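These notes are about the structure you will find just below.
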2 protein chains.
Amino acid sequence: MEEYSEKQLSILTVAERLFADQGFHGTSVRDIAQEADVNIAMISYYFGSKDKLLESIFKYRMRASQRFIQDLLVNDSLKPLDKIYAMIDRFLNKMLGEQNFQCIMSREQLNSEQSPVRDLIWELKREMLGLMQPIVTDAQEAGIFHKDVDIVMLMTSLFGTIHQIIPAQKLLRNDPEFQNLTEEEFKENLKQRVSIHLKKLFKAILTHEF
Amino acid sequence: MEEYSEKQLSILTVAERLFADQGFHGTSVRDIAQEADVNIAMISYYFGSKDKLLESIFKYRMRASQRFIQDLLVNDSLKPLDKIYAMIDRFLNKMLGEQNFQCIMSREQLNSEQSPVRDLIWELKREMLGLMQPIVTDAQEAGIFHKDVDIVMLMTSLFGTIHQIIPAQKLLRNDPEFQNLTEEEFKENLKQRVSIHLKKLFKAILTHEF
DNA sequence: GTTTAAATTAAACGTTTGTTTAACTTTGGC
DNA sequence: GCCAAAGTTAAACAAACGTTTAATTTAAAC
């Protein structure tokens, strides 16, 4: 719960980027120290070890995710489908806003050996699911959403699609279709496209109509 | 194009599993040699280096994928939607049948530095897309499929969903829901569930009906 | 049986790894 | 101005890394 100094935050940010780009084992503490412009020993001094540094990144981002979830008490006056739409956009915004961290999550969730980090990932996913679930079941009981909906699979497609889009960005960027756009325009363009796609997906599955 | 001896195949298989479980940099050549029960030097002797070993795994699996694609000339007597269904099931079967390799692909596609392996991944995805594309456009022109379909996004959801399911398996396995099933039953159960979900997704987006 | 090439081995190679040490500097309270 | 704590540094540490070497065994051809 302690605050991080500017220097500590610099290390966290650089480490997050390098872990995302080259993987945890593909990044040395010397790489991190050099890019963050600090002495190698400072990393152990502040975070204890390289492993603990990764854990710190996770705790830091997870705390933000917890706040994000608490703020997700969607407007009750909205129709169920609009609640879903609002959630999709906020998930999308969140995940595209912390792409480096999402890359690390993509990687770490593949690790077979039990790591403290992997458990946190699935806990987070369960929480996200727990947010979507009641909205769907309420609407089902009200006869608004269809009965046989595999909400787990639907959320899997949601996360899976976004996790695929993140590395795909770098390649789509080179398409002639997007060449004349600024970086900002491109990102907004793509986000819109993913948003429309995911909303179509959810609407189709939940309501059986367009 | 050369054939691999039993010993070489053993190295490839073990390396594939370890790379999938712990990542490329998280796996040492000593780990591989030990589990494959060969001398460390044999890996350099056969494959040149650790990097080339990874490349060999990719070439080996990619060759199989090329054959897979060529065999995917779906029955022309089928209705467009049934062609899509057939493709979904074959993609799903293929990817779930080589989960270790798919894990490596998931990891490697995140690498920011240009690697020979990353380009191969996107080439393969483009080929998969090239298979789906004509079926969809033909059916669109025939008025069977809806006009505004983002086929790239749809394929992204297809791959994304399956790539999410692979690591999720290990956790779902511990759910009380699946405890009393054998490993084989569980896998078939899950495959069916994913298949149904993906078909619903495609049908909804392509035809706007259930 | 001899010869030649391929296969296999244990040992060593030079780097790089994450971490620690011990000395030094800065900071803030008194 | 003094002192203790925190911050910072270059250097050193042992361990692990990927790769190579040189010696030995196996296999096949003649």
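Fair warning: this is a prediction, and the values are worked out from it, not measured in the lab. All chains are named by letter (A, B, ...) in the order of the sequence lines, taking the proteins before the strands, and each is independently numbered beginning at 1.
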Atom pair distance, as rounded to whole Å: CG in L18(B) and P in dC17(D): 12 Å
Spacing of R30(A) atom CZ relative to dA10(D) atom C1', expressed in whole Å: 12 Å
Closest to the M42(A) side chain, choosing from dG7(D), dA6(C), dA10(D): dG7(D)
Check: Y60(B) ring centre within less than 6.0 Å of F101(B) ring centre: no
Between dA16(D) (P) and H25(A) (NE2): distance, integer Å: 14 Å
Touch class at under 4.0 angstrom, heavy-atom based, for S5(B) against every strand present: nothing
Interatomic distance where CG belongs to L53(A) and C1' belongs to dG18(C) [whole Å]: 12 Å
Whole-Å distance separating the CG atom of D51(A) from the C1' atom of dT19(C): 12 Å
Qualifying residue, where the test is side-chain hydrogen bond (donor to acceptor under 3.5 Å, both in side chains) with Q102(B) and the options are K94(B), H163(B), R107(B): H163(B)
Ring-face cation contact, Y46(A) with K7(A), 6.0 Å cut, 45° max: no
Under-4.0 Å salt bridge between D148(B) and K200(A): yes
Presence of Y46(A) side-chain N/O under 4.0 Å of dT8(D) phosphate oxygens OP1/OP2: yes
Presence of S49(A) side-chain N/O under 4.0 Å of dT19(C) phosphate oxygens OP1/OP2: yes
Whole-Å distance separating the CG atom of D31(A) from the C1' atom of dT17(C): 11 Å
Y45(B) side chain, from C-beta outward: closest of dA6(C), dT19(C), dG18(C): dA6(C)
D37(A) CG - dT9(D) C1' separation (whole Å): 13 Å
Atom pair distance, as rounded to whole Å: CD1 in I11(A) and P in dG18(C): 14 Å
Presence of N39(B) side-chain N/O under 4.0 Å of dA7(C) phosphate oxygens OP1/OP2: no
Heavy atoms of other groups near K52(B) NZ, more than 12 under 6.0 Å: no
Of I40(B) and K7(B), the one whose closest DNA chain C nucleotide lies more 5': K7(B)
side-chain N/O S28(A) vs dT16(C) OP1/OP2, d < 4.0 Å: no
Proximal nucleotide (of dG18(C), dA10(D), dT20(D)) relative to the A41(A) side chain: dA10(D)
